[in-house]
Amino acid sequence: MSQKVLMKGNEAIAEAAIQAGCKAFFGYPITPQNEIPEYMSLHMEKRGGVFVQAESEVSAINMCYGAAATGARVMTSSSSPGMALKQEGISYMSGADLPVLMVNVSRCGPGLGGILPAQGDYFMATRGGGNGDYRTPVYAPAYIQEATDLVFEAFDVAEKYRTPVMILLDGMLGQMMEPVEIKPRPPVQVDKSWVTIGDTANRKPNVVNSLSLLGDVLEQQNFERFKKYEQLERVGVMVENTVKDGDEIAIVAYGVPARIAQNAIEELVGEGIKAGLVRPITLWPFPYDTLANLPASVKHVVVAELSMGQLIEDVRLGVNGKFPVHLVNRCGGMVFEPAEIAEAVRKIIKGGV
Amino acid sequence: MANKIIYEKSRGLTDTPLTYCPGCSHGTIHKLVAESLVELDVLERTVAIAPVGCSVLAYNFFNCDGIQAAHGRAPAVATGVKRVQPDKIVFAYQGDGDLASIGTAEIIHAAHRSENFTVIFVNNAIYGMTGGQMAPTTLIDQKTTTSPYGRFEETTGKPLLVSEMMAQIPGATYIERVSVHDHAHILKAKRAVKKAFGYQVAGKGFTMIEVLAACPIGWGVTPVNSMKFVKDEMMPYYPLGVYCDRGGEA
């Protein structure tokens, strides 16, 4: 498919995954991501793949674990409370070095919360809710086109680094429609001699495992695993940065809220307030360097997020005290309008906040 | 006259020394599984799933590809393997804490979908790996580290009859309960295990063999007395036999 078509975010992501060579999808119904498993149930088997509606999110991620252990390209999707249930499996897959693409079309919480858009899963996505030392690469698209492009990138990173990866969006991007051109590319070529595919006539048995009872051995395994995370921190950071020398305001936002922040910036620039946007596309690894190296003209860093101050913690780590950092936020499914962000910036400049 | 080999260890097992306790039934059950895989000529295309519990280290002992799974999740992991590799032979080797407690959703729905893999369900009426806690399968009045006064029906229910329950699921193809407490029963258990794998080879759907097993260390009895416990205490409550066979003869 090399033409622009109008697609819903969730369906575009599912189609991109199939075109990226996804061979197995395991999921469970939860709003607002249902179009992904629905699309997969319609298409996967016809196109040589596998679709299973699992009995729970816990089972879905463990089905991913089994399928990934055979070397297949594997995917699951869910929304916030469902992603919370998958945390056990994410930790196990990290510990067993298994690739999987997980899509979290997030909603507002905590608990059952609601189905409206929010960004309260930032900590769960970037810090992880599973046990032990691991990291999860997290991609945060702001456009449906970008979401489909990132599906290919995320699968490749998952397989190259043998790790679970997540695409984190919200119900706005999942449910809206935009023109999109899915741009297939060949999957990354990786070593798959480790797979447990039941093919031991001419090789020794393989084991996929996260159990390691000897402290010195497990420590060494963790050290080795963190080398690949360090590699990703060096080469895997993705960020859009429009802050120029001379700008006094840097607004940091990710996902659809970054598009709202961009509208606020245009409003501010029209008034003569020089402002730019820092939009992390990878939430882990986080673009700390971009924030550490903001131009000296910047007087305020403003974080616009749909949560109670989660992104702001990474922003502060990056800014490291060089600039004052302010929070502009809504939550619970309420979404700020550009004027709200612009007004907050005006107050910050006046010293009112 | 040259020596004639009348018995040898199955090549379905590795040479790694078993790490199970003295008198534990796992070694016997491993042997039955390994022999069945070799006799059906499927060992080289088999994937073993070992979830949390005493048998979590089983991937060291079975001479085939192995996957360690989270507690109770082996049927979901096996589903993932089998769906993308339907021509491979897949089995989950689960204990009673794993299958009958934390993993009830996974085992029921694997049977419900009639996933074409085999489950070896080792029921020794206790959590062995963690040091002898009460399981859903622990017998009434049986003392464990979390039922120190014996299991009370009033607060903990009656022991869960897993094979009886599973046989009610339309997708369950073959469910049998066996025991390995003496030679005659080991031979019968072997036939059941091999039949289950034969059904899988023939693509007949979900098969599960429940094996009554001894845990002398967890129970605090000698290995000999643990076999008596299986025969005299477990078998009356957990009757042996075929609970469903919807596959016809393999």
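Here is the naming used below: chain letters follow the sequence lines, and residue numbers restart at 1 for every chain.
A distance-only check finds no donor-acceptor pair linking the side chain of B:Asp65 to the backbone of A:Pro205 [under 3.5 Å]. The main-chain N or O of A:Ser210 is found under 3.5 Å from a side-chain atom of B:Gln68 such that the two form a donor-acceptor pair.
For B:Glu106, the parts sitting under 4.5 Å from any heavy atom of chain A are the backbone and the side chain alike. For chain B, the nearby part of A:Val50 is the side chain; its heavy atoms alone come within less than 4.5 Å. Using a 4.5 Å cut-off between heavy atoms, B:Ala50 does not touch chain A at all. B:Val52 touches chain A through its side chain: at least one heavy atom from C-beta onward sits under 4.5 Å away, while N, CA, C and O do not. Proximity to chain A is absent for every atom of B:Ile89, based on heavy atoms less than 4.5 angstrom apart. With a 4.5 angstrom heavy-atom cutoff, A:Phe25 does not touch chain B via any of its atoms. Interface residue A:Val195: only backbone heavy atoms are found under 4.5 Å from chain B. Proximity to chain B (any heavy atom under 4.5 Å) is shown, for A:Ile197, by both the backbone and the side chain.
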Review point. Taking it one step at a time, do A:Thr70 and B:Lys88 satisfy side-chain contact (heavy atoms from CB on, under 4.5 Å)?
Key: CA-CA 11 Å; A:Thr70 71; B:Lys88 301 300 165 67; over 6 Å; no
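No other option in A:Ala69, A:Ala67, A:Ala96 has as many heavy-atom pairs under 4.5 Å with chain B as A:Ala67. The most heavy-atom pairs under 4.5 Å with chain A, out of B:Val47, B:Val42, B:Asn60, B:Ile49, come from B:Val47. The candidate with the highest count of non-hydrogen atom pairs below 4.5 Å against chain B, out of A:Asp199, A:Ile61, A:Asn209, is A:Asn209. If you tally non-hydrogen atom pairs under 4.5 Å between each of A:Glu88, A:Lys204, A:Lys23 and chain B, the highest count goes to A:Glu88.
For NZ of A:Lys228, the number of neighbouring non-hydrogen atoms (other residues, nucleotides, ligands) closer than 6.0 Å is greater than 12. By the neighbour-count criterion of 12 heavy atoms within 6.0 Å, atom NE2 of B:His112 is sparsely surrounded, having that number or fewer from other residues, nucleotides or ligands. Counted within 6.0 Å of NZ on B:Lys158, heavy atoms from surrounding residues, nucleotides or ligands total 12 or fewer; the atom is thus considered open. Remark: A:Tyr28 OH is loosely packed, at most 12 non-hydrogen atoms of other residues, nucleotides or ligands lying under 6.0 Å away. Annotation for A:Ile115: atom CD1 does not count as buried by contact number, only 12 or fewer foreign heavy atoms lying within 6.0 Å. Counting non-hydrogen atoms of neighbouring residues, nucleotides and ligands closer than 6.0 angstrom, the CG atom of B:Asp41 reaches no more than 12 such neighbours. Atom CD of A:Glu224 has more than 12 neighbouring heavy atoms from other residues, nucleotides or ligands inside a 6.0 Å radius.
Between B:Ala76 and A:Asn62, the closest heavy-atom pair is CB-CB, 3.7 Å. Closest of all the heavy-atom pairs between B:Ala105 and A:Glu55 is O-OE2, 3.7 Å. When all heavy atoms of A:Thr200 and B:Leu43 are compared, the closest pair comes out as OG1-O, 4.0 Å.
B:Tyr59 is not listed as a side-chain neighbour of A:Thr196, based on a closest heavy-atom distance of 4.5 Å or more. Between A:Val207 and B:Ile67 there is no side-chain heavy-atom pair separated by less than 4.5 Å. Within the 4.5 Å cutoff, no side-chain heavy atoms of B:Val81 are placed close to those of A:Met63. Between A:Val58 and B:Arg73, the closest side-chain pair of non-hydrogen atoms falls below 4.5 Å.
How far CD of A:Gln53 is from NE2 of B:His109: 11.0 Å, rounded to the nearest 0.5 Å.
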